[in-house]
Amino acid sequence: MDTLSHAISSGVALPRSSSRSSPLLCHGFGSLNFRTRRTHTRSRVFAEIQRNQSIDFNDPDWKSKFQWNFEERFNIPHLTDVFPDASTIPSTFCLRMRTPVSEHFADGYPSDEEWHGYINNNDRVLLKVIHFSSPTSAGAECIDPNCTWVEQWVHRAGPREKIYFKPEEVKAAIVTCGGLCPGLNDVIRHIVITLEIYGVKNIVGIPFGYRGFSDEGLAEMPLSRKVVQNIHLSGGSLLGVSRGGPPVSKIVDSLKERGINMLFVLGGNGTHAGANAIHDECRARKMRVAIVGVPKTIDNDILMMDKTFGFDTAVEEAQRAINSAYIEAHSAYHGIGIVKLMGRSSGFIAMHASLASGQVDICLIPEVHFNLHGPHGVLRHLKYLIETKGSAVVCVAEGAGQESFVPLNNMFVISRFSHSNFDLLQKTNATDASGNIVFGDIGVHIQQETKKYFREIGVPADVKYIDPTYMIRAVRANASDGILCTVLGQNAVHGAFAGYSGITVGICNTHYAYFPIPEVISHPREVDPNSRMWHRCLTSTGQPDFI
Ligand SMILES: Nc1ncnc2c1ncn2[C@@H]1O[C@H](COP(=O)(O)OP(=O)(O)O)[C@@H](O)[C@H]1O
Ligand SMILES: O=P(O)(O)OC[C@H]1O[C@](O)(COP(=O)(O)O)[C@@H](O)[C@@H]1O
Ligand SMILES: [Mg+2]
């Protein structure tokens, strides 16, 4: 087993910057959550961690201490942390000067001091925009029991006036890891285009994820505007993706050998854990390298962000499957359509697709426990739907009915193989090459149990099962994701030139921000069963509690 896989399966947290450890809060929680969770929602390891927070709310200064601590945690790592004397040059990114003056910038850089298009390093974006006046308010996220308003600011993304890399000295690499997601090509394309606008000539793609740094016979792919011009017209990744891969030290050796000093990493929480470890290792070796992530996860399970790219497209595409299930069910005598959608630990796609389609009667997500059997179970409700409506549609997320914490660090490994009354499928303990748990097929299970149930009660039922997951993942990005990918790709390049490393870029309250990687991957973002959105979904489906 390689080091990465070992770290994942043994629950050993990969190295993180010690400066980020906090006396006040544990990692990953911008706020305590005093919501009273309904008892049938999945018990969470981090709910326990939250309860153990040690903020003394009797301290009159707790709010300013909290804010100070928040600022520390969300401070974005910079090359000057390691190279205090690192020199800058005026930015070569200026939209008034689109054509490079000279091939080699011998006459200086085409910057324009008068152009008001740069971001000031002190610009901030407000992370939370609702002032909850009570912890009982729907979806309330409160820091203290009184729900005191505390502003939480994160760093605004975008081009800076001074840059820390000379474009002609840059060798930039892009790597795409994990599973596919609509929009990967769009992001690759805009990273390349933006790098070229800065004046970078040496741009390469690393094939097949982190494996491309080590596996024999996988050669770098030279990239240019010409190469990437039309890649967004199809789904997938021009560079290929993979799970698993070499140890971090080997990746960093490879960066050194290849002379790569900017690495753009497109991937989910696993990939970002890797990117952060690469960043830490580069710092430890005093390498002047910028490692910048762009969150890619169709599951939309990255913290702090409004959404991740590909999610809108996935929801749109999922609706087609739901519509087919509806047509099948509606056209059959006692028809029941079951659609399984992606969502390893988060039910965002299932919830949003159910809401969008308006054709779903039962939406099942990992965050909310349910029984299949019994007087309040899903099957009894299906019988009611068949009796009253004549047909029914079920939309289930792949991680529903199964414990599904992603073992990113030792906090979450605790629950990895725990048993719960609401785990419907036998666990296999199998993991994929990246250490992710391989689930049983909840869709097939529900299909089989539904058939059996109706057979046993002597009611005819025509059950159809649709699993569109890989069809959804492979499509090209829709218009709104295309725009999101464009902005994220551009901002990733701006972040690297600005000298930041160990950061990722996301959309936050419709604005774009840079985050330190550990803060967005400390655990997967999940649907809050007390949120207005889940309540809206329940209103739309009309489903009861299945407990
Ligand atoms: N904790 C970790 N530390 C370092 N690398 C990791 C970690 N978890 C996953 N990786 C690596 O990141 C890549 C993608 O991870 P994976 O979980 O498959 O997808 P995703 O990034 O979409 O979550 C794989 O090459 C895997 O080896
Ligand atoms: O079959 P694969 O390629 O391992 O992918 C399955 C997984 O991919 C996902 O769609 C998303 O995975 P990522 O975290 O890599 O984006 C999950 O919902 C699903 O469990
Ligand atoms: Mg993942």
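Each ligand, and each atom within it, is numbered from 1 in the order the structure gives. Residue numbers start at 1 and run along the sequence shown.
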Under 3.5 Å between any N/O of [X] and any N/O of ligand 1: does that happen in this structure?
X: D432; value: no
X: S242; value: no
X: G244; value: yes
X: H272; value: no

- Are K296 and ligand 1 in contact, using a heavy-atom cut-off of under 4.0 Å?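 Per 4.0 Å heavy-atom rule, K296 contacts ligand 1.
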- Which atoms of ligand 1 have any heavy atom of N269 under 4.0 Å away?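 The atoms of ligand 1 under 4.0 Å from a heavy atom of N269 are 21 (O), 23 (O).
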- Query: For ligand 1, which atoms have a heavy atom of N436 less than 4.0 angstrom away?
  - Reply: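 Listed by number with element: 16 (P), 17 (O), 18 (O).
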- Task: Please step through ring pair (Phe, Tyr, Trp, His ring centres under 6.0 Å) for the pair Y500 and H78, ending with a clear verdict.
- Result: CA-CA 4 Å; Y500 296 113; H78 194 269; 5.0 Å; yes
- Nearest candidate to atom 10 (N) of ligand 1, where distance is taken over non-hydrogen atoms, out of C181, G270, G268: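 Heavy atom nearest to atom 10 (N) of ligand 1 belongs to G270.
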- Message: Please tell me whether S357 and Q359 have a donor and an acceptor in their side chains that are separated by less than 3.5 angstrom.
- Response: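 Looking only at side-chain atoms, Q359 and S357 do not form any donor-acceptor pair under 3.5 Å.
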- Query: What residues come within 4.0 Å of ligand 2, counting heavy atoms only?
  - Reply: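 Heavy-atom contacts below 4.0 Å: G178, G179, R243, K296, T297, I298, D299, M342, G343, R344, E398, Y470, R473.
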- Message: Restricting to side-chain hydrogen bond (donor to acceptor under 3.5 Å, both in side chains), what partner residues turn up for H272, sequence neighbours left out?
- Response: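 Partners of H272 under the side-chain hydrogen bond (donor to acceptor under 3.5 Å, both in side chains) test: T504.
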- Sole residue of V265, N276, T176 in side chain to side chain contact (heavy atoms under 4.5 Å, CB included) with T271: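 Running side chain to side chain contact (heavy atoms under 4.5 Å, CB included) over V265, N276, T176 with T271 returns exactly one hit, V265.
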- Using the ring of F439 (Phe, Tyr or Trp, six-membered ring only), decide whether R344 places NZ or CZ under 6.0 Å from its centre and within 45 degrees of its axis.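 So R344 doesn't make the cation-pi contact.
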Between [Y] and [X], does any NZ, NE, NH1 or NH2 come within less than 4.0 Å of an OD or OE carboxylate oxygen?
X: R243; Y: D432; result: yes
X: D81; Y: R283; result: yes
X: K340; Y: D441; result: yes

- Is the distance from the Mg ion (ligand 3) to the nearest N/O/S atom of N269 under 2.8 Å?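 Given the 2.8 Å cut-off, N269 counts as a ligand of the Mg ion (ligand 3).
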- Task: May I have all residue pairs that pass ring pair (Phe, Tyr, Trp, His ring centres under 6.0 Å) and include part of residues 170-189, sequence neighbours excluded?
- Result: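 Listed by first then second residue: nothing to list.
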- Tell me, please, which residues at least two apart from T486 pass side-chain contact (heavy atoms from CB on, under 4.5 Å).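 T486: side-chain contact (heavy atoms from CB on, under 4.5 Å) contacts with H190, Q490.
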